[in-house]
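Sequence lines set the chain letters: A, B, ... in the order given, protein chains first and strands last, and positions in each chain run from 1.
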There are 2 protein chains.
Amino acid sequence: MNAEPRWRRRKADRPGEIVAAAIAVFTERGFAAARIDEIAARAGLSKGAIYRYFDTKEALFRAVVTDAVRPNVRKVLDTAAAWQGGVPDLVRMLLPTVAGLAMKLPVGAVLKMVIGESRNFPELARVWHDEVVQPALSLLMRLIAEGQARGELRPGDPRTHAFSLMAPMLLGVIWRETFTPLGAGDVDLPAVARQHVETVLAGMETRR
Amino acid sequence: MNAEPRWRRRKADRPGEIVAAAIAVFTERGFAAARIDEIAARAGLSKGAIYRYFDTKEALFRAVVTDAVRPNVRKVLDTAAAWQGGVPDLVRMLLPTVAGLAMKLPVGAVLKMVIGESRNFPELARVWHDEVVQPALSLLMRLIAEGQARGELRPGDPRTHAFSLMAPMLLGVIWRETFTPLGAGDVDLPAVARQHVETVLAGMETRR
DNA sequence: ACCATTGATGACCCAGCGGTCAACAAGTCG
DNA sequence: CGACTTGTTGACCGCTGGGTCATCAATGGT
């Protein structure tokens, strides 16, 4: 008679679906304000079932970060590692690439969440730091030191130079998440990336 | 017999004490996780009494922003307005000043809070934007445009140039609030300010 | 067909917290 | 000193939401 059962057992597919729903809800509401009930509803199952796959809300967040962000970080790092050529040109290419990625990934929302909840949930900040910030920062610092050693870049603390290069990207991402929804002007990330990298490199390169 | 009454009426002093306690608790816990009870305890009165002075949690936050931050923003803006001299030199002085202010004010904590809670409490973000971000940004944009008109600075979108200048300051502030407590390296804000402003100005100025 | 297994349900528990309010007591005025 | 005003208390309400668990039913093996 009736064709559709009220529910099905689909152990293998559940985790991915739950994480996908969690990404959406976490980025929309933030960690603390995200309701497990809502994640469950969007994933098409009940709250109780989620606890069969993730022990706690924090465990679920950890899965979100590793699933959604790590692969993309890897991709950028690999591209940089394979580069043959001058450091300035690599940087010139890297920033717009990052800007492009940030446009179509939930990086901004996750970043905002990590920043906002770091006091109450230090674990979240640690995961983000270890998975994303630390690898990216040390790559940049290595590149800058290399560029200085080869005489392509002027001297100066590599960490600070890395900040000089990356900060506007991050600020732009945060801006788009925080102020643009309120009606403040939008930020054209790739355009910022292009102008900024040229400005800073003009001050960093030993010759133009 | 007994000397001390269980409580005193001190209508005039209460608001200031409540706001001071609120600054502490908000910056420690974030807006959503801050408990009115805890603010009351630190201010030395009961929760109910707080509602005689502030109608809601959001109203209390608004008072925090205006009390703690606005005076300092005013000070920086006034300093800049009174400046007689070249735009590059003004910028050269402004960034370390801002860095110094950010070291001893709860700017970072408030900023973090605003970013983290902007989705759930857009009012907070709007207050911050109108009181702090908008005035500071338009000042910088005006300065940059003026420098360009006087031939001191190269062309380029003033808004993006403002981002290039200020972003590392903000990133540094956020870093100190988010990752330093986890054991990640600290950031010497004034040092970053000095090196960054020279790097960027080297790329922005028409002649050195 | 039947049972054992186990993915999934949804009612439930309970702690936390924003906000309220009747009662109380510290000031104040004459 | 007594009466009125009002700043302050603290118990209380209503609701929310993370996490639990007895129960059920889809599934796979035989």
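- Between Asp89(A) and Arg92(A), at least one side-chain nitrogen of the basic residue sits less than 4.0 Å from a carboxylate oxygen of the acidic one, meeting the salt-bridge criterion.
- In this structure, Ala34(B) reaches the sugar-phosphate backbone alone: every heavy-atom distance under 4.0 Å involves primed, P, OP1 or OP2 atoms, never a base.
- Note on Glu198(B) versus Arg194(B): no salt bridge recorded, every NZ/NE/NH1/NH2 to OD/OE distance being 4.0 Å or above.
- No side-chain N or O of Thr178(A) forms a donor-acceptor pair with one of Lys112(A) less than 3.5 Å apart.
- Between the CD atom of Glu38(A) and the C1' atom of dG18(D) there is a distance of 15 Å, given to the nearest Å.
- Within the structure, the salt bridge (Lys or Arg N to Asp or Glu O under 4.0 Å) test picks out the following pairs touching residues 160-181 of chain B (sequence neighbours left out): Arg119(A)-Glu177(B), Arg176(B)-Asp186(B).
- One atom, CD of Glu17(B), and another, C1' of dG7(D), lie 13 Å apart when rounded to the nearest Å.
- Note: CZ (Arg35(A)) to P (dT16(D)) measures 10 Å, nearest angstrom.
- Note on ring orientation: taking the six-membered ring where Trp is involved, the planes of Phe61(B) and Phe26(B) are perpendicular (angle over 60°, cut-offs 30° and 60°).
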Legend entry - Letter per nucleotide, 5' to 3', of nucleotides 4-12 of chain C [B base touched, S only sugar-phosphate touched, - untouched; heavy atoms, 4.0 Å]: -BBBBBB--
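- One interatomic measurement links the two molecules: CD1 of Ile39(B) to P of dG19(C), which rounds to 11 Å at whole-angstrom precision.
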Could you pull out all donor-acceptor pairs under 3.5 Å where a side-chain atom in residues 44-57 of chain A meets a protein atom, sequence neighbours excluded?
{"residue": "Thr56(A)", "atom": "OG1", "partner": "Glu58(A)", "partner atom": "N", "Å": "3.0"}
{"residue": "Lys57(A)", "atom": "NZ", "partner": "Phe31(A)", "partner atom": "O", "Å": "2.8"}
{"residue": "Lys57(A)", "atom": "NZ", "partner": "Ala32(A)", "partner atom": "O", "Å": "3.2"}
{"residue": "Lys57(A)", "atom": "NZ", "partner": "Ala34(A)", "partner atom": "O", "Å": "2.9"}

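- In this structure, CD1 of Ile18(B) is placed 12 Å from P of dG7(D), rounded to the nearest angstrom.
- If you take CD1 of Ile36(B) and C1' of dG16(C), they are 14 Å apart, rounded to a whole angstrom.
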